[in-house]
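These notes are about the structure you will find just below.
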Amino acid sequence: MKKTANNSLKGKTALVTGATRGIGLAIANALVDAGAQVIITGRDAAKLRAAGKRLSTRGAAFSVDIRDAQEVKTLFRDVKKRFGHLDFLINNAGIAHANLTVEKMPFDVWRSVVATNLDGLFLVTHHALPLMDRGGVIVNNLSRAAVQPFLGMSAYNSTKAGALMFTNSLRMEVRKQGIRVTALMPGAIETDIWEQFWADAPRDKMLSPAEVASAVLHVLTMPAGATIEQLQIGPASGDL
Ligand SMILES: NC(=O)c1ccc[n+]([C@@H]2O[C@H](COP(=O)([O-])OP(=O)(O)OC[C@H]3O[C@@H](n4cnc5c(N)ncnc54)[C@H](OP(=O)(O)O)[C@@H]3O)[C@@H](O)[C@H]2O)c1
């Protein structure tokens with residue numbers, strides 16, 4: 001069925017990190033369908049090009065590793081030059097890791113998860129804030145793991161719990177500026193991330209990325225006087 005633009009976000013500019021696939025791509029597509037001007041980021045050049053084709057001439061796709069402070073700084077210098085400001089920031093990029101006990105987990109694995117899920121979240125938010133103003137919304141895609149640990153996933157759980165406290169701290173800071181901040185905490189969603197720790201997980205019991213994207217759209221279209229501070233979303237049939 002052909003989708004029609006509903007224009008609920010016409011005139012708005014949004015940046016979505018990690019939009020080459022999975023949830024980020026679905027969010028970017030939903031924002032485009034809602035009439036927003038969308039900027040996407042990711043590292044995979046081919047996927048970024050493919051995702052960028054949906055953005056029309058009003059959007060842009062940038063290759064950025066969110067762990068790299070200089071790359072993130074350059075991204076926002078370019079975004080400022082080309083777009084001037086941002087209405088919405090969707091901090092979505094993130095990684096998991098192989099299912100490993102703390103005893104067996106190599107330090108490099110721990111560090112790469114922290115670098116992506118915490119350093120990257122900080123860097124992107126730090127550089128995006130000067131471009132945001134009253135009415136702006138930041139959605140941080142965390143996970144149920146922020147409040148409920150998954151066995152063998154200590155680095156993922158720890159970074160998502162830390163990201164929740166970062167999100168809650170940020171909300172207090174930017175309230176006065178009229179910027180709202182949401183912690184999105186989904187359950188299982190059918191994406192590539194499962195290949196990292198549970199390749200044969202039952203996909204039919206998961207949410208689709210499009211379902212999560214519709215929840216994000218709901219957050220972004222709330223009346224300006226209300227903040228959805230935390231949003232937990234899972235499959236209607238119950239989580240895995
Ligand atoms: N799937 C689930 O069940 C689930 C549930 C709750 C929360 N989440 C969260 O949702 C977010 C998206 O996950 P997903 O399931 O859609 O995973 P995914 O399909 O693996 O996609 C992850 C995205 O993040 C990007 N990314 C990863 N590391 C990056 C880096 N260093 N720099 C820039 N981009 C980077 C990837 O792009 P490139 O590879 O192109 O860099 C990709 O676009 C994550 O934060 C995840 O923790 C997922």
Side-chain angles (χ1 to χ4, degrees), residues 15-30 38-52 61-72 74-76 89-99 109 111-125 127 139-150 153 155-164 166-167 182-199 201-213 215-216 230-235 239-240:
L15 187 143
V16 187
T17 65
T20 51
R21 57 197 152 89
I23 303 163
L25 176 60
I27 294 172
N29 287 341
V38 181
I39 303 153
I40 59 168
T41 75
R43 292 166 303 175
D44 185 314
K47 288 202 169 83
L48 199 57
R49 254 195 317 277
F62 291 95
S63 176
V64 179
D65 185 334
I66 60 163
R67 298 169 298 182
D68 186 313
Q70 191 52 50
E71 285 190 24
V72 177
T74 304
L75 163 72
F76 283 97
L89 169 65
I90 316 296
N91 275 310
N92 166 79
I95 57 167
H97 53 85
N99 201 283
V109 171
R111 280 213 296 219
S112 71
V113 181
V114 172
T116 309
N117 295 356
L118 280 174
D119 295 351
L121 172 64
F122 166 79
L123 286 169
V124 170
T125 309
H127 288 289
V139 178
N140 292 342
N141 191 5
L142 310 178
S143 163
R144 284 251 166 96
V147 289
Q148 171 198 316
F150 300 135
M153 300 300 293
Y156 189 71
N157 298 334
S158 305
T159 55
K160 293 298 184 176
L164 175 58
F166 174 78
T167 305
T182 298
L184 175 67
M185 294 189 281
I189 304 145
E190 197 196 345
T191 71
D192 294 351
I193 207 169
W194 289 86
E195 302 299 327
Q196 298 173 36
F197 58 97
W198 185 7
R203 304 276 170 153
D204 57 332
K205 296 209 169 114
M206 298 182 186
L207 283 174
S208 71
E211 284 165 329
V212 181
V216 171
Q230 298 188 355
L231 178 61
Q232 294 209 26
I233 174 169
D239 234 325
L240 297 183

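Atoms within each ligand, like the ligands themselves, are counted from 1 in listed order. As the structure is a computational prediction, the values presented were derived from the model and not from experiment.
- Residue-ligand proximity, Ala19 to ligand 1, at heavy-atom distances under 4.0 Å covers atoms 43 (O).
- Contacts with ligand 1 closer than 4.0 Å are made by backbone heavy atoms (N, CA, C, O) of Val64 only, the side chain lying farther away.
- Closest heavy-atom approach to atom 38 (P) of ligand 1 among the candidates Arg43, Met206, Arg144: Arg43.
- Expressed to the nearest 0.5 Å, how far NE2 of His97 lies from CD of Gln196 amounts to 9.0 Å.
- Atom 42 (C) of ligand 1 has its closest protein heavy atom at Thr20 OG1, 3.5 Å.
- The closest donor-acceptor contact from the side chain of Asn92 to the backbone of Gly18 lies under 3.5 Å.
- With atom 2 (C) of ligand 1 as the reference point, the heavy atom nearest to it among Val212, Ile233, Ile189 is part of Ile189.
- In this structure, atom 44 (C) of ligand 1 lies nearest to the protein heavy atom Asn92 O, 3.3 Å.
- Taken to the nearest 0.5 Å, the CZ atom of Arg203 stands 6.5 Å off from the OG1 atom of Thr191.
- Asn141 CG to Thr17 OG1: the interatomic distance, rounded to the nearest 0.5 Å, is 8.5 Å.
- Remark: distances from the non-hydrogen atoms of Lys160 to ligand 1 include one below 4.0 Å.
- Residue Gly94 approaches ligand 1 through these ligand atoms, each under 4.0 Å from one of its heavy atoms: 22 (C), 24 (O), 27 (C), 44 (C), 45 (O).
- Residue Pro186 has no nitrogen or oxygen atom sitting less than 3.5 Å from a nitrogen or oxygen atom of ligand 1, judged on distance alone.
- Each of the following atoms of ligand 1 lies closer than 4.0 Å to a heavy atom of Ala93: 24 (O), 25 (C), 26 (N), 34 (N), 35 (C), 45 (O).
- Taking atom 19 (O) of ligand 1 as the reference point, the nearest protein heavy-atom neighbour is Arg21 NH1, 3.4 Å.
- Numbered from 1 in the order shown, with element, the atoms of ligand 1 that lie under 4.0 Å from a heavy atom of Asp192 read 19 (O).
- No donor-acceptor pair closer than 3.5 Å links the side chain of Glu195 to the backbone N or O of Asp192.
- Close to ligand 1: Arg67, with a non-hydrogen atom less than 4.0 angstrom away.
- A heavy-atom distance below 4.5 Å is found between the side chains of Phe76 and Val124.
- The distance from atom OG1 of Thr167 to atom CE of Met185, rounded to the nearest 0.5 Å, is 9.0 Å.
- The N/O atoms of Gly42, backbone and side chain alike, include none that comes under 3.5 Å of an N/O atom in ligand 1.
- Counting only heavy atoms of the protein, atom 7 (C) of ligand 1 lies nearest to Leu142 O, 2.9 Å.
- Listed by atom number, the atoms of ligand 1 under 4.0 Å from Asp65 heavy atoms are 30 (C), 31 (N), 32 (N).
- By the 30° and 60° cut-offs, the orientation of the rings of Phe122 relative to Phe166 is perpendicular.
- The distance criterion of under 3.5 Å between nitrogen or oxygen atoms is not met by Thr116 with respect to ligand 1.
- Note on ligand 1: Leu207 sits outside its first shell, no heavy atom being nearer than 4.0 Å.
- Residues Leu240 and Met206 have side chains in contact (heavy-atom distance under 4.5 Å, counting atoms from C-beta outward).
- The shortest heavy-atom contact between Thr159 and Val114 is CG2-CA, 3.7 Å.
- Taking CZ from Arg67 and CG from Asn117, the interatomic distance works out to 10.5 Å, rounded to the nearest 0.5 Å.
- An N or O contact shorter than 3.5 Å is missing between Gln196 and ligand 1 by distance.
- The line from CG of Leu142 to CG of Leu184 is 7.0 Å long, rounded to the nearest 0.5 Å.
- Annotation: Ile95 places no N or O atom under 3.5 Å from an N or O atom of ligand 1; distance criterion only.
- The protein heavy atom nearest to atom 10 (O) of ligand 1 is Asn141 ND2, 2.8 Å.
- When side chains are defined from C-beta on, Thr20 does not count as touching Arg43, because their heavy atoms never get closer than 4.5 Å.
- Protein heavy atom in closest approach to atom 16 (O) of ligand 1: Ile23 N, 2.9 Å.
- The closest protein non-hydrogen atom to atom 17 (O) of ligand 1 is Ile193 CB, 3.6 Å.
- Ligand 1 has no atom lying under 4.0 Å from any heavy atom of Gly120.
- Ligand 1 places these atoms under 4.0 Å from at least one heavy atom of Gly18: 23 (C), 24 (O), 25 (C), 42 (C), 43 (O).
- Between Pro209 and Leu25, every side-chain heavy-atom pair lies at or beyond the 4.5 Å cut-off.
- Proximity of a side-chain donor or acceptor of Asn157 to a complementary backbone N or O of Phe150 within less than 3.5 Å is detected.
- Near Gly22, meaning under 4.0 Å from one of its heavy atoms, ligand 1 places the atoms 16 (O), 19 (O).
- For the pair Leu123 and Ile66, the minimum side-chain heavy-atom distance is 4.5 Å or more.
- In this structure, atom 5 (C) of ligand 1 lies nearest to the protein heavy atom Gly187 O, 3.1 Å.
- In the vicinity of Asp44, heavy-atom distances shorter than 4.0 Å reach the ligand 1 atoms 38 (P), 40 (O).
- Heavy-atom minimum distance, Met153 versus Asn99: SD-ND2, 3.9 Å.
- At least one N or O atom of Ile66, backbone or side chain, sits closer than 3.5 Å to an N or O atom of ligand 1.
- By the criterion of a heavy-atom distance under 4.0 Å, the side chain of Thr191, and not its backbone, is placed next to ligand 1.
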